[in-house]
Number of protein chains: 2
Amino acid sequence: MGRRERKKAATRQALADAALRLFLDRGFDQVSVRDVAEAADVSTTTVFKHFPSKEALLFDLDSDREAALIAVVRDRPEGMSIPTALREHTLRMHPDGAGDPEMARFVELTESTPALREYGRRMWMRHEAALAAAVAEATGAPEDDPGCAALAHFALETVSFARGRGDARQAIEAAFALLEHGWPAAGQR
Amino acid sequence: MGRRERKKAATRQALADAALRLFLDRGFDQVSVRDVAEAADVSTTTVFKHFPSKEALLFDLDSDREAALIAVVRDRPEGMSIPTALREHTLRMHPDGAGDPEMARFVELTESTPALREYGRRMWMRHEAALAAAVAEATGAPEDDPGCAALAHFALETVSFARGRGDARQAIEAAFALLEHGWPAAGQR
DNA sequence: TAAAAAAGTGCAACGACTCAACTTTTCTAT
DNA sequence: ATAGAAAAGTTGAGTCGTTGCACTTTTTTA
């Protein structure tokens, strides 16, 4: 790895670090890209050579979540339904305040800033096509089967739905119950 | 209605008209707010006194869609399930190229411009809470029941899901079938 | 090793949007 | 009816995110 690539990676890291620190400190909207650039001692243009947008400064660690999602569908235990497997995965991934306080502050920041919420949702929803394909593969349906695509879409949407509700865990469970069993008929309610 | 309010409404209408014409003509990103202001013979700042954003210039006719949504749930025919009623409503509202060509061009514009797609979705999703309350009311569940909220969320998401898929009608039907009957068990697939 | 290609950096600019001030219109108290 | 206050419309100057163009630096190629 040449000196050039090392310096590039260092600059990128310095930018991400400075951004995280400043955003947590003052709030996303109270920090300008110029501030971040200055804190990392580069020009504002350089920021956008490393990151496609201001929001992207925060969502740097974004890889192999798609792979995990697909593996959950493909490698689920014998007899477990796809919605159940996805529900367990979603609940497992969901950041309950239990983790370190740094993470808690990060989650609080992203959920309370509209631009970040929206960006996070878009990033998450990018996996819809891949997940739909995995579901189709697992059930033997045609690759672009609309039912599989709908399940993929709604399963991913679940985390967006859980946001802003009081009890996120309960919301996720209710949403997946609907996907698994459908809307209860009038008699059984 | 005084002269003042009339003039205000006239300016607002002139802005919306100019915006629609210019956007359809050149495309959303190829028209600046300044262009719209100039076409309506006001300053750019005035535009933002009438509309909260550039996107809002297009989504002016936005009222009583929520009322219709709630009425669909409340006044559905005896014996018709809520998901079915919402499915019929969604299909009925969906703009198939059948209407006037002006509408077709409008739909094409909003669907091909990312900023407009996103904005349209946000506006549409604003009705989630009201729809969830209507569903809870209709089933006798507590007002903030997570299952009712999930149905409302997913039912609205349906149109977002149908976007970008080849056959929108088929997509909507598949999505509502999932909400109505749940994910088919392994045996019946 | 020179030249050329590629990549990093920065200045200046554009477009969306806001702020503080100014003007005009409407309301209210005499 | 009218002066003065309050409300609302309008504006020019500025901020912030983001991009095009020019320049420097590093790597590759002849």
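Proteins come first, then strands; the chains are lettered A, B, ... in the order of their sequence lines, and each starts at number 1. Since the model is a prediction, treat every value here as computed from it, not as a measurement.
Between the side chain of B:Arg34 and the base of C:dG15, no donor-acceptor pair of N or O atoms lies under 3.5 Å. Taking 3.5 Å as the limit, the base of C:dC11 and the side chain of A:Thr45 contain a donor-acceptor pair of atoms between them.
Following rounding to the nearest Å, B:Asp41 (CG) and D:dT10 (C1') show an atom-to-atom distance of 12 Å. Look at CD on A:Glu38: it is 13 Å from P on D:dG17, rounded to the nearest Å.
Within 4.0 Å of A:Val31, counting heavy atoms only, lie sugar-phosphate atoms of the nucleic acid but no base atom. Among the heavy atoms of the strands lying under 4.0 Å from B:Lys49 is at least one base atom, whether or not backbone atoms are also near.
Distance alone, capped at 3.5 Å, is enough to place a donor-acceptor pair between the B:Trp124 side chain and the B:Leu156 backbone.
In summary, A:Arg26 and A:Asp35 engage in a salt bridge, as defined by a charged side-chain N under 4.0 Å from a carboxylate O. Of the charged side-chain nitrogens involved, at least one lies within less than 4.0 Å of a carboxylate oxygen, so that A:Glu157 and B:Arg121 count as a salt-bridged pair. Under the 4.0 Å criterion applied to side-chain N and carboxylate O atoms, B:Glu111 and B:Arg163 are assigned as salt-bridge partners.
Taking only side-chain atoms of A:Lys8, from C-beta outward, the nucleotide of D:dT18, C:dT9, C:dG8 with the closest atom is C:dG8. When distances are taken from the side chain of A:Ser43 to each of D:dT11, C:dT18, C:dG10, the shortest belongs to C:dG10. Residue B:Ser32 places its side chain closer to C:dG15 than to any other of C:dG15, D:dG17, D:dT11.
Distances shorter than 4.0 Å separate none of the side-chain N or O atoms of B:Lys54 from OP1 or OP2 on C:dG15. Between B:His50 and the phosphate of D:dT10, there is a side-chain N or O to OP1/OP2 separation shorter than 4.0 Å.
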